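Notes follow once the structure below has been shown.
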Amino acid sequence: MPRQLPQDPIIRDLVLQARRMQLSRRHLLQGGAIGAGALALAACAPAGSAAPKPAEDNSANDPSLVWGNWPAYLDEDDAGGYPTLQRFEEQTGIAVEYRVDVDDNNTFYGTIKDQLALGQYPGYDTFCLTEWMVARLIRFGYVQELNADNIPNKANLAPALLNPDFDPGRKLSLPWQNGFAGLAWDTEAFPKGLESVEDLWQPDLKGKVTVLSELRDTMGILLLAQGVDISSEDWGMDEYSQAIATLEEHVTSGQIFGIKGNEYMQDFIAGDAVAGICWSGDITVLNAEVGYERFKFALPDSGGTLWGDTFVVPMGSTRKTNAETLMNYYYEPEVAAEVAAWVNYITPVVGAAEVAADVYPELADNQLIFPNEETLSNAHIFRTLSSADDQAFNAEFQRVELGA
């Protein structure tokens, strides 16, 4: 049986973080271990204190910023540079240190949460996390209000994304990219493909299935397979417990060999993973890496999830205006289209699709980048959780994850 996680949420986060680091080669290469010092710092973090105040903006005297983001999430050239970012630096004179440090929302949050709680600089002036985590940061008072005057291109934000329940009017956050979670498979090792979640549990896939460490994607897809409308308020712990039981059954049996963040991509390349619950844009990146259409992605017949990753500026940043200037640049339709054509996720910028139709006509009908209403109708947004549900759902998911 899997070991029980500690009850203390801080200690539980650190245990899970350490476990994920064992699974992530990139984290090991970076030497990002959790030691006794980090544990002591977490234990000393203030509890119940007032939300921190924003740092004084020094952008006028410091034309630089640090941007944290996920792997394969910005256009790259053959030399490993970022063409759109290089043009931003040339146009604005702002030097950007672009750090591909986000592999998983919880893991990344675990590395900076103490600084966030204290209002200290966490090492980033802006970063892009998934909206459920952004909702948590906003609830805790950890991010600065954005100055709309510095982001006139915010007018290009898709209207459907303007008023999420956690940030009406987008005063504290701005979407970076959206995407789907669904089913992916290696066509060489598993040519018959996948249509339903149940297809993952076939005997010939035992030990070759990977699922995401993002609760709302993995559990959202399992809940949808049960017939649950994850966007509604009409479900709770009873339905969630049934989906957790399904996950635990297949972890315990060895059908699922890993619950992972972005490092699952290397498992597919190596052949350790043959099928799984994955993110849409990653499959295009994998095919580009191997040089042909070896991997496929599809929304399951019961539905996939639709999620968004979002810019925020932490309270400790002294370069907020620089970060807002960066956001404004990436909301130019021409720039957004160029990024979308490379990362293969859904751009939140109105006008980018029209630019892409002219410049990248081969992508105009790609449903993973510019989905039509039929495709969107089979994708569902996981409802915003209350604090109680968030804690309870995470505790159950982490219990199973630790045993994976």
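Because the structure is a prediction, the values reported are computed rather than measured.
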Next on the checklist: Apply salt bridge (charged side-chain N to carboxylate O under 4.0 Å, His left out) to residues Arg136 and Asp390 and explain how you reach the verdict.
Outcome noted: CA-CA 10 Å; Arg136 179 185 296 176; Asp390 193 7; 3.2 Å; yes
Is any side-chain heavy atom of [X] closer than 4.5 Å to a side-chain heavy atom of [Y]?
X: Leu183; Y: Asp199; answer: no
X: Ile283; Y: Phe268; answer: no
X: Ile230; Y: Arg383; answer: no
X: Trp342; Y: Leu74; answer: no
X: Glu293; Y: Thr187; answer: no
X: Val143; Y: Val313; answer: no

Side-chain H-bond candidate by donor/acceptor type, [X] with [Y], under 3.5 Å:
X: Asp57; Y: Thr321; result: yes
X: Trp132; Y: Glu214; result: yes
X: Tyr264; Y: Asp282; result: yes
X: Tyr240; Y: Gln226; result: no
X: Thr375; Y: Asn372; result: yes

Checklist entry - Which pairs, with at least one residue in residues 265-278 and sequence neighbours excluded, count as a side-chain hydrogen bond (donor to acceptor under 3.5 Å, both in side chains)? => result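 Those involving residues 265-278 are Lys260-Asp267.
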Would one find more than 12 heavy atoms of other residues, nucleotides or ligands at under 6.0 Å from atom [atom1] of [X]?
X: Asp77; atom1: CG; value: yes
X: Glu195; atom1: CD; value: no
X: Glu374; atom1: CD; value: no

Check [X] against [Y] and note the closest heavy-atom contact, atom names and distance.
X: Arg170; Y: Glu131; answer: NH2-OE2, 2.6 Å
X: Ala184; Y: Leu194; answer: O-CD1, 3.5 Å
X: Arg139; Y: Ser387; answer: NE-OG, 3.4 Å
X: Ala275; Y: Leu205; answer: CB-CD1, 4.0 Å
X: Val339; Y: Asp75; answer: CG2-OD1, 3.6 Å

Set of residues satisfying side-chain contact (heavy atoms from CB on, under 4.5 Å) with respect to [X], sequence neighbours excluded:
X: Arg87; result: Pro83, Thr84, Glu90, Gln91, Tyr329, Glu338
X: Pro52; result: Tyr142, Met315
X: Asn344; result: Thr284, Asn366, Ile369
X: Ser232; result: Asp229, Asp234, Trp235

Next on the checklist: To the closest 0.5 Å, what do you measure between CD (Gln391) and CD (Glu396)?
Outcome noted: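 Nearest 0.5 Å value for the CD-CD distance: 13.5 Å.
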Donor-acceptor contact present, side-chain [X] to main-chain [Y], <3.5 Å:
X: Asn163; Y: Gly169; answer: yes
X: Ser59; Y: Asn322; answer: yes
X: Asn287; Y: Phe295; answer: yes
X: Thr252; Y: Glu248; answer: yes
X: Glu239; Y: Gly236; answer: yes

Identify, with sequence neighbours excluded, every residue that meets side-chain hydrogen bond (donor to acceptor under 3.5 Å, both in side chains) alongside [X].
X: Tyr360; result: none
X: Thr130; result: Asn105, Asp309
X: Gln202; result: Lys192
X: Asp62; result: Ser64, Arg319

With sequence neighbours left out, what residues match [X] under ring-ring contact (aromatic ring centres under 6.0 Å, His included)?
X: Phe297; result: none
X: Trp67; result: Tyr98, Trp176, Phe311, Tyr330
X: His250; result: Trp201

Checklist entry - Under the criterion side-chain contact (heavy atoms from CB on, under 4.5 Å), which of Leu162, Leu146, Leu172, Thr310 is the partner of Asp167? => result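 That would be Leu172.
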Checklist entry - Of Phe180, Trp279, Trp307, which meets ring pair (Phe, Tyr, Trp, His ring centres under 6.0 Å) against Tyr345? => result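 That would be Trp307; it is the only one of Phe180, Trp279, Trp307 passing the ring pair (Phe, Tyr, Trp, His ring centres under 6.0 Å) with Tyr345.
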